[in-house]
Amino acid sequence: MLELTDITKSFRTGPAETIVLNDLTLHVGEREFCSIMGGSGSGKSTLMNIIGLLDRPTRGQYRIAGEDVLAAPPDKQSALRNRLIGFVFQSFFLLPRLNAWRNAALPLMYRGTPEAEARRQACAMLERVGLADRMEHMPAMLSGGQKQRVAIARALVGQPKVLLADEPTGALDPKVAQEIMDLFLEVNRELGVLVLIITHDPHIAAQCPRQLRLGGGRIAQDLRMAA
Amino acid sequence: MIKQAILEAVGNLLASRQRSLLALIGIMVGAGAVIAMLTVGAIAREETARQFRAMGTDILLIRADSDQGLGNLPLAETEALPAQIRGLSLIAPFMLGGGQVSAEGQSRSTSFLGVTESFAPVARVRLAQGRFISRHDRFEPFAVVGSALAEQLSTPFNRIRVGSNIRVGRYVFTVIGVLEPSLPSPMMPADVNDALMVSIPNGRRIMSTPQLAWGVARAAPDADPDQVARAIGTALEPSMREGRVQVQSARALLAGLASQMRLFTLLLGAVGAIALVLGGVGVMNIMLVSVQERRREIGVRLAIGATRWNIQSLFLTEAAVLSLAGGAFGVLLGLAGAWGFAQMSGWAFVVSATAIPLGAGVSIATGLFFGFYPAVMASRLDPIVALRTE
C-alpha cells in the first residue's frame, strides 16, 4: 500500500546541512496497524509529513497503491490527501467555529459533496466513533477524548486508505488514551484502513501488531507481533 | 457550497467583531464619500439646469469695463439697440450697488438696482402686488422690493406692501411693487429676490459709484444668442467714451459651468477614491491579522484536502462580505449626507441612478483588491509550518 524507497530528507540551515531521513525504505501493506517510535529529532514527524503528502522528500520514491504521488502537482496532491489520507493530531485541531458534524464533514465539503449528503455521512461516522448525541456541539463544549473522536470521525469520513495519527493520545489521560487506542484498533479491524501511529507511549506501541523504531534516519527496528 | 462559504465567512467575521467593525467603518466611510460626492454633484447639476430653464438660454449679460473698474453704458444708445440689431428683442441697462435699508425699525443690508421699465420682462420677474418702475418714475421716490427683502423687512404687525415706506440714507422711498419669489439666476450679478429696485435717476442718488455698467438682454427665439452678443458689442463700442463692452451669453456660461462641474465631480471623486483606498488598506490590515491568527486552521484545512484556491476563496469571501456590508452602509450614509446637504442648501434632492450601483461595485472591488494579497498569503502557507503554530 505505502511504498517508500530510498527516502532522503535534508534541511539546509545556514551553511550546515542536516540529514533527517537517510535512504529510508519502508513498505506498509493494506490493513496494517503500525506504531512509529523514536527519540526527539529522529525524524518521526518528518516521515509522517512525507507520508501525509504535506512535505516532499529531498530524494527518493513514494507510491501509494502503486501510484507515484510525488510526481503530482500541488493541487493534485491536495486531492490525493483528501481522498487517500486521514489525519489525526495530538491537539485535535478542530475548527473552533464549526460544530461537531460540520467539523467531521469538512473533507467531504472540499470534495464537493452536497451538504445534505455530507451531513448524513458525517453523522454516521460520528455515531460510529460513539458521539451520536454530540452532533451539534461546538468543540469548546466537548472533552478532550470527545474532541479526538470528532477528529477521528473527520479523518475517516472520506473513507481514506491511510489513517495517520501524530501522538493522538499525547494530550489525553491514560484511561481516555486507552479508549482512543481501542477505537483505532476497532476501525482498523472493521473498516480495513491502514493505521500509522506516532507515539512516545510504550504502552500504546505495545498494542500495535507492527512496531517501527526510527534511528539514524532509517528504520532501526521493525517488529511484527504474532496475531 | 457558496451559501456555506458565505455563512462561514459571516461567522468568522462575527467572531472577531471589533476588528471587523473597524474594517467595516473604513469601507463604509469610503463608499459613503463616493456616494455623497456623486449625489451632491447630481443635485448641483440638477439645480443649475433648473435655474437655466427658469432663466432661459436666450439671456445675455452686458458689462461695461474701464481701466478704473466698471465702465458706463450710454443709456440712450443702449435702449435704441433692439431697433438696430436683428435678433435682439429686448435690452435693459441697469446700475448695481448696495447699502443699508430700513423700515419700521428693521435694518438690512441689500443690493440696489437702478433699472428701467424693460428690466422686468428681460429678467423675467413677476409682481406679487403693485407695479414695476415705469419710464415716468424719474425722480419720484418709488421703489420695487424683492420678495426675500420684503420678507426680511416685515414685522408681524407691519408687512412690507404697496404704500410702505423704506428709508435709504436720507431718502424715503414708497413701495409701489413687491416681486414674486424667483429662482436666483446664475447670469445675474445680483439676486433680484434680495434687492431694492429704483429708477435710474434715483439710483444715481443712492449709490456710491453710480455707474450704468450692466445690462441684460434677450435674443429673439430664432436668433443665435452668440451672434447677437457679438453684434451688441460691435454696436456699442463706438459710443463708449472709454473702456470696453463684454457680452456673455447664457450658452457660453452654461458651457463654462459644465466644465467647472466636471472638474468639481472629478475632485470629489478623487476624495472618495482616497477614502476608499484608506478603507481598503484597513481591510487588508485586518485580513492579514486574521490570516496570521488562523494559521493553524489553514494548516488543518490544507491537510484535510483543501486546495490553494479553497483557502484563497475562504479569505476572499470574507473580504467580499465585509466590503459588501460596508458598501451597503456606505450607500445609506452617503445618501443621508447628500440629503442633509440638499436640506441645508434648499436644493431639490435627487439620487443619481449610477451612484448606488457604482458605490456598491466600487466598494466590493476595493475589498476584493485589498483582500487578494492576504488571501494569496494564506494560500501559500506551508501546511507543516502552519500546523506547528500554537
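It should be emphasised that the depicted structure is a prediction, and the values quoted were computed from it without experimental measurement. Numbered from 1 within each chain, the chains take letters A, B, ... in sequence-line order.
- A side-chain donor-acceptor contact under 3.5 Å links A/R81 to the backbone of B/L302.
- In A/Q159, the CD atom is not crowded: 12 or fewer heavy atoms of neighbouring residues, nucleotides or ligands sit closer than 6.0 Å.
- For the atom pair CZ (A/R102) and CG (B/L7), the distance works out to 7.0 Å, reported to the nearest 0.5 Å.
- Within a 6.0 Å sphere centred on CZ of B/F341, other residues, nucleotides and ligands contribute more than 12 heavy atoms.
- Residue with the most contacts toward chain A among B/A306, B/G299, B/A15: B/A306 (heavy-atom pairs, distance under 4.5 Å).
- In the displayed structure, B/Y373 atom OH is contacted under 6.0 Å by at most 12 heavy atoms of other residues, nucleotides or ligands.
- Residues B/L387 and A/L54 form a side-chain contact, since some pair of their non-hydrogen atoms from C-beta on lies under 4.5 Å apart.
- Across A/L53, A/L80, A/N82, the residue that shares the most heavy-atom pairs under 4.5 angstrom with chain B is A/N82.
- More than 12 heavy atoms of other residues, nucleotides or ligands shown are found within 6.0 angstrom of CD on A/E117.
- With values rounded to the nearest 0.5 angstrom, A/M109 atom CE is found 12.5 Å from B/I304 atom CD1.
- With a 4.5 Å cut-off on non-hydrogen atoms, A/R111 does not touch chain B at all.
- Contacts between A/R83 and chain B at a heavy-atom distance below 4.5 Å are absent for every atom of the residue.
- Considering all non-hydrogen atoms of both residues, B/G305 and A/Y110 come closest at O-CB, 4.1 Å.
- Within the 4.5 angstrom heavy-atom criterion, only side-chain atoms of A/N49, from C-beta onward, approach chain B.
- The candidate from B/E8, B/R301, B/R294, B/E297 with the greatest count of non-hydrogen atom pairs under 4.5 Å with chain A is B/R301.
- Only the side chain of A/L98 comes within contact range of chain B, with at least one heavy atom under 4.5 Å from a heavy atom of that chain.
- Atom CZ of A/R31 has 12 or fewer heavy atoms from other residues, nucleotides or ligands within 6.0 Å.
- Remark: B/F372 CZ is loosely packed, at most 12 non-hydrogen atoms of other residues, nucleotides or ligands lying under 6.0 Å away.
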